[in-house]
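Okay, structure first, notes after.
In the text below, chain A, chain B and the rest are named by the order of the sequence lines, each starting its count at 1.
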2 protein chains.
Amino acid sequence: MRVTINDIAKVAGVSPSTVSRVIANNPKISAATREKVFKIMQEMNYHPNIIARSLANQSTRIIGVVIPGMADKAFQHPFYPEILRGISSIAYKNKYNILISSIGNPEEEKHSVKQFACGGITEGIILLASRTRNSSVSELLKLDFPFVLVGKPENDHEVNWVDNDNFAIGYQLTQHLIEQGHRKIAFIGVVPEHFVTMDRLNGYKQALQEHGIPCDEQLIVESRFITDNGYDLMKKLLERGKLPTGVIGCDDLLCFGAMKLITERGLKIPEDIAVAGFNNVPLADYSHPPLTSVEINAFSLGSKALELLLAALHSEYQSFNRAIIPAKLVIRESTLSRR
Amino acid sequence: MRVTINDIAKVAGVSPSTVSRVIANNPKISAATREKVFKIMQEMNYHPNIIARSLANQSTRIIGVVIPGMADKAFQHPFYPEILRGISSIAYKNKYNILISSIGNPEEEKHSVKQFACGGITEGIILLASRTRNSSVSELLKLDFPFVLVGKPENDHEVNWVDNDNFAIGYQLTQHLIEQGHRKIAFIGVVPEHFVTMDRLNGYKQALQEHGIPCDEQLIVESRFITDNGYDLMKKLLERGKLPTGVIGCDDLLCFGAMKLITERGLKIPEDIAVAGFNNVPLADYSHPPLTSVEINAFSLGSKALELLLAALHSEYQSFNRAIIPAKLVIRESTLSRR
DNA sequence: CTGAAAGCGCTTACAG
DNA sequence: CTGAAAGCGCTTACAG
């Protein structure tokens, strides 16, 4: 069916080895035969079979991306496409391809990870963390298969990982609100199983403490899922009889919901309540008022993750590396008191 | 290094063929040897090499997904993850894997498409349309490689494709506004190169016409990119001296921007201006006020696309199929006049 | 500079 | 029910 190396070898009157060497740009081939073979390859519309090459080379140039959150609606967060873009940009530069896990539930995730790691399809895996206890991490560790985690692992030392400094981010955003004169600052959307939210919360607590503001646990609203909506969380907060002057939401999307409730209650943002989020989603600019947030550079999280992975694959010596991607406070109207 | 079929054959004292048959669950193998071989496979932690199997089978069970819009920020639209989820759900059920194109610019896209199609890695391709003139379509057509387009092609007849009926959707949404008493309805965000937006616009025009409302071209605001923001488009509209009572944005995200400007100008939604969009992004529920939109079922677009592709791959006879995914008007406060 | 041969790890008619 | 052999389409030491 398809044109193979043998077909063009025959037509060119050379051996398959020679054709292979022409393709590989082996310098030992004479210019004459190189030309001749190339011409015939063109004419016969030859394209190397990547699978065969992978088998012979023992190298597939495919990396797997496992997205645990893909099952649920959270996957619609702009964060994920940005990470994928980042991964993809580095993949292209290094002639790698990206295989993504097709997963609905944790069962399928496990299966995907196993298949990627044991099936010899992928050379390495990028795992997008979503839960604190990620069984895929221990699985990959057990298999001794190269991978990079996007997000903080349970144990720093045996894993390659990339993340923001979420503690610092939480601290920074809280400090910004304190500087704007707030002392009653709520923190909504903490999911205890998610390191990200816990780290941000701890940053918040630290900032309060350093400014001599006692931490009121009643101002902290937990959430069971990262997808819970801010509207309900905000409502829960108000039902506790707490009326903060500032609200930090663990994600911008939560903030939009919270802002809706605040407005419905006839309160003004930022005059009555300032609101700030994390992740700087594109819409943060277009909410009403525009939302102060923290740009986490998801693109860089992705590209750096693949860089680490490729480094690990091509390095002779094993080491466990970590990369912290800088984040940046983006101040908008939702936290600007006009005093 | 890795355990191969030969290794376990030796240990089990059978031939590699037998091991292969055990793996393939060939019924001709005796229960006894089956058990024995399975046990040793377990003990030795054997996993078949997918690449080798692909080469022998001439079947990779990998399908490629090419995302032309991946280059730009538009990829952050919740639409894409949803499509991917849809594709992925069907992929998992059919034991297929998904390879995504790593592309930044049209050049890279072309390269990806060629590689996927000619390299023998993927058995078929799902192409997410983004431009009217998609060179990848003609490329794949020329290569006679199986693919399904998500979005409407230039020529219906030679392509498998999946889409919503965007004309009907545009019509439906416009009619809803007309029913709410609006006669001065603007339509913003038309990108002439995008079939989607043109079809929706034509539906709008048709609805106006059927209700005896003359179409005022001044009320239609074009956009150069799908990523243009609604804030600016809305501003452009108002600068023309046109003050509609209803605004339809070609995408919900545009509407959020438009709503921001409207509110800034001291106008009320929906009392002064009703706003409605398409695509029903998750945030439509949480905007202020909640945004009327059209649910396009992106998940189904994706899953149906893969279903069509698999059908095409496994069918003996070639045919060009088309699937229209139903959409549903979701009415929220942004268009509910309280008269 | 080029070719014959072995090998990558599997599958599958063909015999028996 | 099982094995020996050929083959999938490449690559790459080894000779020459």
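Remark: nothing in residues 31-41 of chain B comes within less than 4.0 Å of DNA chain C through any heavy atom. Within residues 49-59 of chain A, the residues that have a heavy atom under 4.0 Å from DNA chain D are, in order of number, N49(A), A52(A), R53(A), A56(A), N57(A). Residues of residues 12-26 of chain A having a heavy atom closer than 4.0 Å to DNA chain D, listed by number: S17(A), S20(A), R21(A).
Using atom C1' as the reference point in both dT12(D) and dG16(D), the two lie 16 Å apart (nearest Å).
At a threshold of 4.5 Å between non-hydrogen side-chain atoms, the residues V148(B) and V162(B) count as touching. Counting heavy atoms from C-beta outward, F320(A) and L308(A) have side chains that stay 4.5 Å or more apart. Inter-residue side-chain proximity for P153(B) and W161(B) is flagged as met; some heavy-atom pair is nearer than 4.5 Å. H111(B) has its side chain within reach of Y92(A): a pair of non-hydrogen atoms, C-beta onward, lies under 4.5 Å apart.
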Nucleotide-level pairing of DNA chain D, given in dot-bracket where Watson-Crick and G-U pairs need both distances under 3.5 Å and | marks other strands: |||.||||||||.|||
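At least one donor-acceptor pair under 3.5 Å links the side chain of N94(A) to the backbone N or O of I90(A). Checking side-chain atoms of R61(B) against main-chain N and O of K95(B) turns up a donor-acceptor pair under 3.5 Å. Listed for the S303(B) side chain is no donor-acceptor partner under 3.5 Å among the backbone atoms of I87(B). No donor-acceptor pair under 3.5 Å is formed between the side chain of S20(B) and the backbone N or O of P16(B).
Bounding nucleotides for the chain B contact on DNA chain D, 5' to 3', at a heavy-atom distance below 4.0 Å, are dC1(D) to dG9(D).
Remark: the S30(B) side chain and the T33(B) side chain contain an N/O donor-acceptor pair separated by less than 3.5 Å.
Atom CZ of R322(A) sits in a sparse spot, with 12 or fewer heavy atoms from other residues, nucleotides or ligands closer than 6.0 Å.
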For T18(B) and S15(B), what are the C-alpha separation, side-chain angles and deciding distance, and is it a side-chain hydrogen bond (donor to acceptor under 3.5 Å, both in side chains)? CA-CA 5 Å; T18(B) 301; S15(B) 77; 3.3 Å; yes
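Scored by the salt bridge (Lys or Arg N to Asp or Glu O under 4.0 Å) test, E123(A) finds no partners at all (sequence neighbours excluded).
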